[in-house]
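Because the structure is predicted, anything quoted here is derived from the model rather than measured.
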Amino acid sequence: MTLAPVVTLPLLGMVSPLPGFPDFRDYVLVTADGDGLLFWLQSLDAGGPRFLAIPPARYFPDYAPSLPRQVLADLDLDDAADAQLFALVTVPAEGVAGATANLRAPVVLNPANWRATQVVLPDSRHPIRRPLRR
């Protein structure tokens, strides 16, 4: 019998809870497709939330938000270019054709220490619901 390899996933520690989910701070980021285009942001708590997330630059090459200095400080990031961004995706009841990404409030991750936070950007150029399909 061959055993599957054990995969260790880094623990993402949210420096502040996601809005609406004050009791959940520990998550893992798990690939949902194997290609790095879709991820699950999964709470480690039993019954905790799970969010579909995408790296927005892979879908929207023009997406380059300016991150507030306080977010960089909270995550111990010296340079915004070192941050990894993820946009949470909403899939409506009608199906995936209507899926949208929240570009106004990305999850920002420091891959060096696995600290993360969701930030609401003040820049209105980035919509809350940008269709994944054009």
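- Annotation for Leu132 and Ala101: closest pair CD2-CB, 4.0 Å, computed over non-hydrogen atoms.
- Among Phe21, Phe86, Trp40, the one residue that satisfies the ring-ring contact (aromatic ring centres under 6.0 Å, His included) test with Phe51 is Phe21.
- Counting heavy atoms from C-beta on, the side chains of Leu88 and Val107 come closer than 4.5 Å.
- Partners of Tyr27 under the ring pair (Phe, Tyr, Trp, His ring centres under 6.0 Å) rule, at least two apart in sequence or in another chain, do not exist in this structure.
- The nearest pair of heavy atoms linking Leu12 to Ala116 is CD2-CB, 4.2 Å.
- Counting only residues at least two apart or on different chains, no salt bridge (charged side-chain N to carboxylate O under 4.0 Å, His left out) pair has a member in residues 32-58.
- Separating the CD atom in Gln42 from the CG atom in Leu52 is a distance of 12.0 Å, to the nearest 0.5 Å.
- Listed by first then second residue, pairs satisfying salt bridge (charged side-chain N to carboxylate O under 4.0 Å, His left out) with a partner in residues 97-120 read Asp76-Arg115, not counting sequence neighbours.
- Taking CG of Asp74 as the reference point, atom CZ of Arg69 lies at 14.0 Å (rounded to 0.5 Å).
- Note on Leu44 and Val30: same hydrophobic cluster, where clusters join Ile, Leu, Val, Met, Phe, Trp and Tyr whose side-chain heavy atoms are under 4.5 Å apart, directly or indirectly.
- For Gln118 (side chain) and Ala105 (main-chain N/O), a donor-acceptor pair under 3.5 Å exists by modelled atom type.
- Side-chain atoms of Leu38 and Val89, non-hydrogen and from C-beta on, never get closer than 4.5 Å to each other.
- Considering every non-hydrogen atom in both Leu37 and Pro55, the closest pair reads O-CD, 3.6 Å.
- Cluster membership check: Val91 shares its hydrophobic cluster with Ile54, using side-chain heavy-atom separations under 4.5 Å among Ile, Leu, Val, Met, Phe, Trp and Tyr.
- The two residues Pro56 and Leu85 make their nearest non-hydrogen contact at CD-O, 3.2 Å.
- Judged as a ring pair (Phe, Tyr, Trp, His ring centres under 6.0 Å), not a single pair has a partner in residues 66-85 (not counting sequence neighbours).
- Judged as a salt bridge (charged side-chain N to carboxylate O under 4.0 Å, His left out), and not counting sequence neighbours, the contacts of Arg125 are Asp123.
- Taking the side chain as every heavy atom from C-beta outward, Val119 and Val108 approach each other to under 4.5 Å.
- Once rounded to the nearest 0.5 Å, the distance linking CG of Leu72 with OG1 of Thr117 reads 11.5 Å.
- No side-chain donor-acceptor contact under 3.5 Å links Arg25 to the backbone of Gly13.
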Please evaluate residues Thr90 and Asn102 with respect to the criterion side chain to side chain contact (heavy atoms under 4.5 Å, CB included), reporting the C-alpha separation (whole Å), side-chain torsions for both, the decisive distance (0.1 Å), and the verdict.
CA-CA 8 Å; Thr90 300; Asn102 182 346; over 6 Å; no

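- Side chain of Tyr63 to backbone of Leu103: a donor-acceptor contact under 3.5 angstrom is found.
- Scored by the ring pair (Phe, Tyr, Trp, His ring centres under 6.0 Å) test, Phe24 finds no partners at all (sequence neighbours excluded).
- A side chain to side chain contact (heavy atoms under 4.5 Å, CB included) with Leu77 is found for one member of Asn110, Asn113, Leu109 and no other, namely Asn110.
- The two atoms that bring Leu121 and His126 nearest to each other are CD1-CD2, 4.0 Å, heavy atoms only.
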